[in-house]
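Lettering of chains follows the sequences in order, A, B, ..., and the numbering in each one begins at 1.
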Amino acid sequence: MRKQVFFIFAAILYCTQSQAGLSMLAKPYLQNMQPTEVTIAWTSTGSTNAHGWVEYGTSAINRQAFEEKDGLVMAYTNIYRVRLTNLQPNTTYQYKVICRIAEWATNSSISFGEQIESEVYTFTTPAGNESVFECLVYSGVRNKTEKFASLLSTNSLNVTDYAFVILGGDNLLGVTSESQVNSELIVPMADLLQQKIPYYMARGNREYRQKLSRHLKDFFITPGSADLHPYYYTFTYGHCMFIVLDPGDTAEDADAVYKELNTNTDYLNQQAQWLNQVIASDAYKTAAYHVAILHHEGTILDPIVKSANMDAVLKGEGDPTLTVVSVDSQGVTTQTYK
Amino acid sequence: MHNLILILLTIFPYLQNPQPTQMTVMWTSPDKNQTGWVEYGIDSLEYIAFSSTMGLRDAFQTVYRVPLTDLQPGTTYHYRVASVAISNVKNTSLVYGDTTYSEVYSFTTPQLKTDKVSCYIFDDIHSRDTLINPMMSANNLRWEDADFVFFNGDMLNAIPSESEIISHLVEPYSKLFASSVPFFFTRGNHEYRNEAARILPDYLTTPGTVEQHPFYYSFSWGPCFFMVLDTGEDKEDSHPEYSGLIDCQNYREKQVLWLQQQLQTKAYKRAKFRFVLMHIPFYSNTKTARFSVGDCRRLFLDLCNRYKVDAVICGHTHKAGVLPANNEHHFPIIIGGGKDVTADKSTYCPAVIHLQAEDKQVNIRIFDYYTHLRDSITFKK
């Protein structure tokens, strides 16, 4: 009996894994861009028996980068994230991404299959001392995916005028599957940002919902990823520090809606401790301006944020919104579009 | 059909990362649509523990890792694992189904101060897990005499899928001993192979897991300090067999820096006996010695000599025995592992190393199924 069950599982596994071919799903999207590093991510569809790498350079494409962990090159996934380091600030790089099917024939031989290459794209690293810049924050798009583009076009905004984008929470309605995250967020954002404008991910309460919420982080690299808290972190652009917070789901952990599957209390306690350290840090004191991303109020983070007297605290409003954040020598101004 | 459901829902927990005040309980589930927890206590199952990540309780996955913390050293705990089915998951609702329980098992936390330790070390089983129990019986070795078990590489022949990890590592050893005796794990070269090699860390918790290097780490037990290295694949990274998907050179060099730090720790200095556990030995006792034997020698041997480790315990060569200390390695190299008995490799004879320390003496004996006691060595201080 046991054997039969195993064979049924094995057969299902085999059928789902052996889809022939490999194609790009989301074009490359830039994560965690800093003056000397950036992470290039993209997704594929079809066989998961694949690995990918980035080829890049300034005047010519003459360098390669791949990701490794514990002595193994990262592979066998449909999500690729490759970190480029030792970049020059304020420099334009060209790059392309490549992925390739790698099937194990035996335990000592791999045969390579189809190889696909993206077009050549470019990005420019920040100089690190920008005193005047603008960025965009999307909130509450939920699953109205077309809003990412239409909020720009109806308000005559051109995405390439902005240094970066922050996804400020509730830009998904729930997190049900890898293909849903691709079609409602990853693919449209990659198309919108034209492989050259980086974006940062933050959670609202909606990103806590449904079966795949625990894997959402696999699509992104944020300044918090290395410390294992990818949804709360800080980064500094020019003289402005951005403090991205994750206020959790909107009800008590024991609420009937979540059936005790949320553990926000502990998480928010850790985050509050971290936030206090951030505010006491030299980096915070050195930054001329401070902008917080806080999807909603109602947590122990509120009094800490209030007492810090930040220049702007950006919250979600329920409806899809796009906020332009402008920073110059006079300070921070924001304008929100619906 | 009724029978089928019962089989599917059977849970076999296994113990990981034992510490005087902590024990990690892990288990796997064939179905993702559930969550689980551990009920435990000294006299009754009075406490509950579960794990969560970034504000969400771990759920919808096939493997669970629940650390039990604030335990009392040298104390016996009873525990069982519960798993509850989840269905109809919507944005604001879900439905819980039946709860399934494992049997009640028990474990004893290590004592804070003890002058004794006993462990079994296995390597090179190559997914032939069914060979272990007959060998243990043939040598009258009992699981309950071990404080822990150490898997020193090539326990799996390759990792083509999650089911290889479950059916040839997690499940058979849970049934044999790991529900009550914890095991430590490092990789051999074969655990680098095939599609699912990269998910192996999800199924294990070692003292290195929190530092995000699960396969090299150190721990103290009784009079002994153990330093565990992950020696990587056996050929150079550029070997055509790996097709550029191996990156061991940097990884081994990173471990040299880590080992240097270990040799400066109080735990190292305080220990009466210091052992290195690593799959690939510095010298081979067979005719074959691939690239990694020399590379490990180049990287780690001098440190082991200078800091006077008592012995290095390895596998890999499939020829169990003790290589006595000499001018090149100033300590014995103890090699475990099985051997092919017939030329067609159809019959395999596994081996086990039993390390027993008591105060100022450590006895290491190597047993195998056919010759029983194959070799032994004693250390005295």
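Residues passing the side-chain contact (heavy atoms from CB on, under 4.5 Å) test with A:T263, sequence neighbours excluded: B:F50, B:S52, B:R57.
Interface residue B:N157: backbone and side-chain heavy atoms are both found under 4.5 Å from chain A. For B:A197, the parts lying near chain A are the backbone and the side chain together; criterion is any non-hydrogen pair under 4.5 Å. For A:D266, no part lies under 4.5 angstrom from a heavy atom of chain B. Proximity to chain A is limited to the side chain of B:K254, based on heavy atoms less than 4.5 angstrom apart. Contact of B:I199 with chain A is not made at all, since no heavy-atom distance falls under 4.5 Å. Contacts between B:P201 and chain A at a heavy-atom distance below 4.5 Å involve the side chain alone, from C-beta outward. A:A105 does not touch chain B: none of its heavy atoms, backbone or side chain, sits under 4.5 Å away. Looking at A:S213, both its backbone and its side chain come within 4.5 Å of chain B, counting heavy atoms on both sides. Both the backbone and the side chain of A:L228 come within less than 4.5 Å of a heavy atom in chain B. Only the side chain of B:F215 comes within less than 4.5 Å of a heavy atom of chain A; its backbone N, CA, C and O stay farther away. No part of A:Y232 comes within reach of chain B, as not one of its non-hydrogen atoms sits under 4.5 angstrom from that chain. For A:L212, no part lies near chain B; criterion is any non-hydrogen pair under 4.5 Å.
Between B:H126 and B:H190, the ring-plane angle classifies as perpendicular under the 30° and 60° cut-offs. Between B:W27 and B:Y64, the ring planes lie parallel to each other; the angle is under 30°, not in the 30° to 60° tilted range.
For the residue pair B:E164 and B:S127, a side-chain donor N or O sits within less than 3.5 Å of a side-chain acceptor on the partner. No hydrogens or angles considered: a donor-acceptor pair under 3.5 Å links the side chains of A:S44 and A:N78. No side-chain donor from either of B:Y348 and B:D124 sits under 3.5 Å from a side-chain acceptor of the other. A donor atom on one side chain and an acceptor atom on the other are not found under 3.5 Å apart for B:Y217 and B:E211. Between the side chains of B:D123 and B:H279, no donor-acceptor pair of N or O atoms lies under 3.5 Å. Side-chain polar atoms of B:N33 and B:S87 form no donor-acceptor pair below 3.5 angstrom. Using modelled atom types and a 3.5 Å distance limit, the side chains of B:N17 and B:T205 yield no donor-acceptor pair. A donor-acceptor pair shorter than 3.5 Å cannot be found between the side chains of A:N143 and A:E184.
Most heavy-atom pairs under 4.5 Å with chain A: of the set B:Q212, B:H213, B:Q61, this distinction falls to B:Q212. The choice from B:D237, B:N194, B:T53 that makes the most heavy-atom pairs within less than 4.5 Å of chain A is B:N194. Among A:A102, A:S108, A:G248, the residue with the largest count of heavy-atom pairs under 4.5 Å with chain B is A:S108. Put simply, of B:A196, B:G55, B:C248, the one with the most heavy-atom pairs under 4.5 Å next to chain A is B:G55. Each of B:V89, B:L56, B:D230, B:I246 has some count of heavy-atom pairs under 4.5 Å with chain A, and the biggest count is that of B:L56.
Identified by a heavy-atom distance below 4.5 Å to chain B, the contributing residues of residues 66-74 of chain A are A:F66, A:E68, A:K69, A:D70, A:G71, A:L72, A:V73, A:M74, in residue-number order.
In this structure a side-chain-to-backbone donor-acceptor pair under 3.5 Å is missing from A:R203 to A:H295. Without hydrogens or angle criteria, A:Q115 side chain to A:I98 main chain gives no donor-acceptor distance under 3.5 Å.
Here B:E233 does not pair with B:R252 in a salt bridge; the nearest charged N to carboxylate O distance is not below 4.0 Å.
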